[in-house]
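So the structure is just underneath, and the comments pick up after that.
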Amino acid sequence: MKSPGCSSRYIKCLIVNLFLGLMFLSGFYHVKNRNFLILKSHREPLIPSMPCRAKTNVMFLKTHKTASSTVLNIMFRFAERYNLTVALPADYHVHLGYPKSFLAHFVEAFQSIGQNYNIMCNHLRFNPSEVQKVMAANTFYFSILRNPLSLLESSYMYYKNIVPAFRLSKDVNEYLASPVKYYHPKDTKENIYARNNMWFDFGYDNNAQDNKKYVQAVLKKIEENFHLILIAEYFDESMILLKHVLCWDLDDVIYFKLNSRSQDTVQTLTLESKERIKVWCSLDWQLYLHFNQSFWRTIEETIGLQKMEKEVDRLRMRQKELMETCLSDQKAVKKDHIQNKALLPFQSGAANILGYNLRQDLDNRALRTCQRMVMPELQYTSYLYALQHPHKKRKPFGLSLPAFQEKKTQLPRPN
Ligand SMILES: Nc1ncnc2c1ncn2[C@@H]1O[C@H](COP(=O)(O)OS(=O)(=O)O)[C@@H](OP(=O)(O)O)[C@H]1O
């Protein structure tokens with residue numbers, strides 16, 4: 001028989017154990033809830049529970065001047081790693097029909113491959129019903145937005161010779177001082193780069209009246225069509241979030257910044273110009289504000305800010321490691337300093353688009369990985385096209401294939 005002292009100790013132990021048990025359970029549910037965040041529009045977990053399987057059916061809406069070429073490079077490398085089928089532009093085209101609204105037959109071999117593509121990420125104007133003809137039902141849809149202020153300045157320099165409104169004005173500030181003076185409704189096709197370009201890329205009218213009800217309806221539609229919207233200003237955070245939701249490895253989202261400009265081809269926006277862009281591109285401005293907010297809310301409700309910070313540090317360390325391994329200059333260089341002209345990015349307008357020089361002493365394995373990390377959009381598209389459709393005529397911007405055809409390997413992964 002237990003003495004009274006012992007029984008009171010026993011009750012105390014029971015209470016303490018019960019308390020600890022409850023604490024443990026509440027922690028467990030907390031973690032579970034984080035892993036099972038239900039997205040309003042999708043009714044499914046955004047971040048899969050562990051252990052998870054890498055998602056291989058992915059559609060990336062490549063918006064213009066938003067760091068989207070860097071994302072495309074990540075997607076292409078992933079496609080090669082898993083031998084996935086990419087929905088590439090048909091024939092000699094380098095875009096999926098842009099600026100026309102996307103149609104399934106813009107994809108090479110759609111008639112024979114049907115709804116069996118894994119990856120889609122070349123420029124297109126989003127048209128959900130046609131994209132769904134190409135991509136499997138369980139496809140993950142995501143895109144990226146950039147602050148319209150810096151985006152417009154970037155577009156101005158890149159499309160300086162293409163967009164009449166840009167060509168006619170002296171500089172970006174002059175254009176913004178009086179956009180309607182330069183922006184003529186008849187230049188519909190070219191004008192898309194000069195106003196609400198992201199809105200247009202998502203499939204909507206970039207000249208539509210800014211009306212609260214209409215804007216809310218479009219934002220809701222985008223939420224229904226896309227699982228995730230990333231933010232270019234927080235590119236590293238975006239990559240970590242992407243890695244989690246797609247259940248990919250860290251090395252899958254390590255990147256070198258592509259399609260950036262030399263500083264001397266960046267114009268400074270005046271304070272007035274910045275304010276004017278918010279009005280002139282008010283549809284894009286609201287799009288950006290809305291998804292910038294939901295981006296941070298998603299991070300807080302899933303990974304958490306502390307863990308995000310740690311993972312971003314790891315990403316930057318690994319990126320630095322790969323830059324030391326791959327690059328002779330440790331940074332992007334101006335177009336005239338790119339030694340291997342096959343790796344020269346497409347140059348446009350008044351922008352000097354930077355590229356990379358690879359180290360000369362790379363072994364085959366490192367060369368394979370490094371070449372792909374610096375491969376510009378057009379060259380990589382042409383290269384994958386030749387691999388996937390060997391009997392078709394090569395696209396322009398082709399790279400000499402043999403150097404890229406070694407056996408699939410990757411750099412050793414960090415512990
Ligand atoms: N990782 C990362 N983080 C932040 N910003 C980045 C990144 N990668 C590319 N960029 C910037 O994105 C601009 C190019 O965008 P895109 O590749 O989408 O352009 S394009 O539409 O395909 O021509 C271009 O912007 P500007 O330099 O202002 O023109 C790039 O510098």
Side-chain angles (χ1 to χ4, degrees), residues 58-76 79 85-111 113 117-135 139 141-146 151 154-155 157-163 166 187-206 226 232 258-259 344-349 351 353 375-389 392-399:
V58 186
M59 193 271 166
F60 169 61
L61 173 63
K62 189 178 190 298
T63 44
H64 285 78
K65 308 316 299 173
T66 55
S68 65
S69 306
T70 306
V71 180
L72 172 133
N73 181 277
I74 288 171
M75 302 290 288
F76 279 174
T85 308
V86 183
L88 294 167
D91 305 319
Y92 58 87
H93 296 284
V94 289
H95 297 161
L96 289 162
Y98 194 88
K100 288 185 194 143
S101 192
F102 176 77
L103 294 173
H105 74 256
F106 292 162
V107 173
E108 183 62 58
F110 168 67
Q111 285 76 4
I113 297 177
Y117 292 87
N118 305 109
I119 302 285
M120 183 186 249
C121 56
N122 287 90
H123 280 301
L124 60 84
R125 186 171 185 214
F126 195 62
N127 180 5
S129 58
E130 287 290 312
V131 172
Q132 282 154 21
K133 288 184 187 168
V134 177
M135 302 303 289
T139 296
Y141 288 79
F142 79 105
S143 188
I144 189 163
L145 299 175
R146 179 180 181 182
L151 188 150
S154 169
S155 294
M157 296 305 275
Y158 196 82
Y159 299 110
K160 180 79 179 148
N161 309 331
I162 297 163
V163 178
F166 294 168
D187 304 321
T188 339
K189 200 172 140 198
E190 294 83 4
N191 275 346
I192 50 184
Y193 303 109
R195 188 183 197 189
N196 295 315
N197 196 181
M198 297 188 290
W199 198 262
F200 181 88
D201 290 352
F202 275 86
Y204 301 98
D205 177 6
N206 62 323
F226 290 84
L258 298 179
N259 224 7
L344 181 75
F346 181 72
Q347 302 291 320
S348 175
I353 304 292
M375 211 188 291
E377 172 186 350
L378 298 183
Q379 286 90 326
Y380 214 156
T381 301
S382 304
Y383 166 65
L384 282 187
Y385 185 83
L387 274 188
Q388 271 188 206
H389 309 286
K392 295 279 301 187
K393 190 169 181 288
R394 302 260 166 100
K395 283 186 195 292
F397 306 105
L399 288 168

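The residues of the chain are indexed from 1 along the displayed sequence.
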Heavy-atom closest pair (Val134 atom, Ala104 atom, distance to 0.1 Å) is CG2-CB, 3.7 Å
NZ-CG distance between Lys189 and Asp187, expressed to the nearest 0.5 angstrom
11.5 Å
Any sub-3.5 Å donor-acceptor pair from Lys395's side-chain atoms to Asp91's backbone N or O?
yes
Across all chains, not counting sequence neighbours, the side chain to side chain donor-acceptor pair (under 3.5 Å) partners of Lys62 are Ser68, Ser69, His123, Glu377
A side-chain contact here means heavy atoms from C-beta on lying under 4.5 Å apart; do Ser101 and Asn127 qualify?
yes
Tell me whether Asp201 contacts the main-chain N or O of Thr63 through its side chain, where contact means a donor paired with an acceptor under 3.5 Å.
no
Under 3.5 Å donor-acceptor, Glu108 side chain and His389 backbone:
no
His93-Phe106 aromatic ring centre distance below 6.0 Å:
no
Among all residues two or more places apart in sequence or in another chain, which pass the side chain to side chain donor-acceptor pair (under 3.5 Å) test with Thr381?
Asn122
Please check: side-chain N/O of Tyr159 versus main-chain N/O of Ser348, any donor-acceptor pairing under 3.5 Å?
no
Answer yes or no on whether Arg394 is positioned over the face of Tyr385, meaning its NZ or CZ is under 6.0 Å from the six-membered ring centre and within 45° of the axis.
no
Examine distances only and state if a side-chain atom of Lys160 and a backbone atom of Phe166 form a donor-acceptor pair shorter than 3.5 Å.
yes
Shortest non-hydrogen separation from Leu145 to Phe202 and the atoms involved:
CD2-CE1, 3.7 Å
Heavy-atom donor-acceptor pair, Asn73 side chain to Met375 backbone, under 3.5 Å
yes
Just so I know, are the side chains of Ile113 and Thr85 near enough to count as touching, which here means a heavy-atom distance under 4.5 Å?
yes
Checking the side chain of Ser382 only, and the main-chain atoms of Pro396 only, is there a donor and an acceptor separated by less than 3.5 Å?
yes
Is there side-chain contact between Tyr193 and Phe200, with at least one heavy-atom pair below 4.5 Å?
no
Please check if the distance between the ring centroids of Phe126 and Tyr204 is under 6.0 Å.
no
Gap between atom CG of Leu103 and atom CD of Glu130 - 0.5 Å precision:
5.0 Å
Interatomic distance, Phe102 atom CZ to Lys133 atom NZ [nearest 0.5 angstrom]:
9.5 Å
4.5 Å side-chain heavy-atom contact, Tyr98 and His64
yes
d(Leu72 CG, Ile119 CD1) to nearest 0.5 Å is 10.5 Å
Under the side chain to side chain contact (heavy atoms under 4.5 Å, CB included) criterion, do Val131 and Met120 qualify, and how do the steps go?
CA-CA 9 Å; Val131 172; Met120 183 186 249; 3.9 Å; yes
Show the nearest heavy-atom pair for residues Asn206 and Ile192, with the distance to one decimal.
ND2-CA, 3.5 Å
Is there a side chain to side chain contact (heavy atoms under 4.5 Å, CB included) between Leu88 and Val107? Walk through the geometry before answering.
CA-CA 6 Å; Leu88 294 167; Val107 173; over 6 Å; no
Quick one: do Cys121 and Ile74 satisfy side chain to side chain contact (heavy atoms under 4.5 Å, CB included)? Show the steps, please.
CA-CA 10 Å; Cys121 56; Ile74 288 171; over 6 Å; no
Pro345 backbone acceptor or donor facing Gln347 side chain under 3.5 Å
yes
Where do His105 and Gln111 land on the side chain to side chain contact (heavy atoms under 4.5 Å, CB included) test, with the steps shown first?
CA-CA 7 Å; His105 74 256; Gln111 285 76 4; 3.9 Å; yes
Side chain to side chain contact (heavy atoms under 4.5 Å, CB included) against Thr139, all qualifying residues, sequence neighbours excluded:
Asn57, Met59, Met135, Ala136, Tyr141
Establish, yes or no, whether the cationic atom of Lys65 lies under 6.0 Å from the six-membered ring centre of Tyr158 and within 45° of the ring axis.
yes
Near-ring test Phe142/Phe60, centroid separation under 6.0 angstrom:
yes
Student check: side-chain heavy atoms of Leu151 and Thr66 closer than 4.5 Å
yes
Quick one: does His95's side chain get under 4.5 Å of Leu124's, heavy atoms only?
no
